[in-house]
Amino acid sequence: QVQLVESGGDLVQPGGSLRLSCTGSGVSLTYYNIGWFRRAPGKGPEGISCIARSDRNDDMTYYVDDVKGRFIISRDKAENTVYLQMNSLKPEDTAIYSCTTGCNQERGSIVGETGAYWGQGTQVTVSS
């Protein structure tokens, strides 16, 4: 059974940092592009970052402009985990963050893939 589990979400003050984790079971994340998406209150899902599969694209990383320079996506193959380090957090970063086993960069946006696996999400709240 394939499962993605996100963790690391929390309440943090503006300017603070968090590190989110996406851990796979029943699936080797090494062979997938792994994406982070978020859904803010009252808004649709937004792809924010994607890391390419290790075996073909050497872990190339992509970000949307809104998080570029603040967020870093990385992979730990031994732990079968993809991380999202989030720095300089802003109130508008408040959202449920989810990971998925499929993503691509298209004209500056991060898009998902049909049939990909998704985790349940973790809540990030940025507030003073």
> Between K68 and D65, is there a side-chain N and carboxylate O pair less than 4.0 Å apart?
Replying inline: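 Salt bridge flag = yes for D65 with K68.
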
>> As a quick check of understanding, evaluate side chain to side chain contact (heavy atoms under 4.5 Å, CB included) for T23 and E79, giving each step before the final call.
In response: CA-CA 8 Å; T23 300; E79 296 295 325; over 6 Å; no

Nearest-0.5 Å distance that lies between atom [atom1] in [X] and atom [atom2] in [Y]:
X	Y	atom1	atom2	answer
S7	Y83	OG	OH	8.5 Å
C99	L84	SG	CG	10.0 Å
R75	D59	CZ	CG	5.0 Å

>> The test is side chain to side chain contact (heavy atoms under 4.5 Å, CB included); show your working for T94 and V124 and say whether it passes.
In response: CA-CA 5 Å; T94 295; V124 172; 5.9 Å; no

> Checking side-chain hydrogen bond (donor to acceptor under 3.5 Å, both in side chains) for the pair N87/S17: CA distance, chi angles, key distance, verdict?
Replying inline: CA-CA 4 Å; N87 302 316; S17 298; 3.0 Å; yes

>> Between W36 and F71 (judged by ring centroids, cut-off 6.0 Å), do the two rings come close enough to count as a pair?
In response: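 Centroid distance W36-F71: not below 6.0 Å, so no.
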
>> Tell me every residue that passes salt bridge (Lys or Arg N to Asp or Glu O under 4.0 Å) with E46, counting only those two or more places apart in sequence or in another chain.
In response: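 Counting only residues at least two positions away or on another chain, E46 forms a salt bridge (Lys or Arg N to Asp or Glu O under 4.0 Å) with R38.
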
>> Please tell me whether I51 and V67 are part of a single hydrophobic cluster in this structure, the criterion being side-chain heavy atoms less than 4.5 Å apart.
In response: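 Yes: a chain of side-chain contacts under 4.5 Å links I51 to V67.
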
With distance as the sole test, does [X] use its side chain to make a donor-acceptor pair with the main-chain N or O of [Y] at under 3.5 Å?
X	Y	answer
Y63	I73	yes
R53	L29	no
D76	A78	yes

State, to 0.1 Å, how close [X] and [Y] come at their nearest heavy-atom pair, and which atoms those are.
X	Y	result
G119	E6	CA-OE2, 3.1 Å
C50	N104	SG-N, 4.1 Å
S21	T81	CB-CG2, 4.1 Å
W118	S98	CE3-CB, 4.1 Å

> Could you go step by step and tell me if Q3 and Y117 meet the side chain to side chain contact (heavy atoms under 4.5 Å, CB included) rule?
Replying inline: CA-CA 8 Å; Q3 194 172 16; Y117 299 107; over 6 Å; no

> Which residue pairs pass the disulfide (SG to SG under 2.5 Å) test with at least one member in residues 67-98, sequence neighbours excluded?
Replying inline: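 Those involving residues 67-98 do not exist here.
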
Can you tell if the side chain of [X] reaches within under 4.5 Å of the side chain of [Y], non-hydrogen atoms only?
X	Y	result
I34	T100	no
Q13	S127	no
C103	V111	no
P14	V126	yes

> What's the verdict on side chain to side chain contact (heavy atoms under 4.5 Å, CB included) for T61 and I72, showing C-alpha distance, side-chain angles and the deciding distance?
Replying inline: CA-CA 9 Å; T61 58; I72 301 171; over 6 Å; no

> For Q120, does the CD atom have more than 12 heavy-atom neighbours from other residues, nucleotides or ligands under 6.0 Å away?
Replying inline: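 Atom CD in Q120 is not crowded, with 12 or fewer foreign heavy atoms closer than 6.0 Å.
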
> Can you name the one residue among V5, L20, L18 that meets side chain to side chain contact (heavy atoms under 4.5 Å, CB included) with T122?
Replying inline: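 Result: among V5, L20, L18, L20 is the only option passing the side chain to side chain contact (heavy atoms under 4.5 Å, CB included) with T122.
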
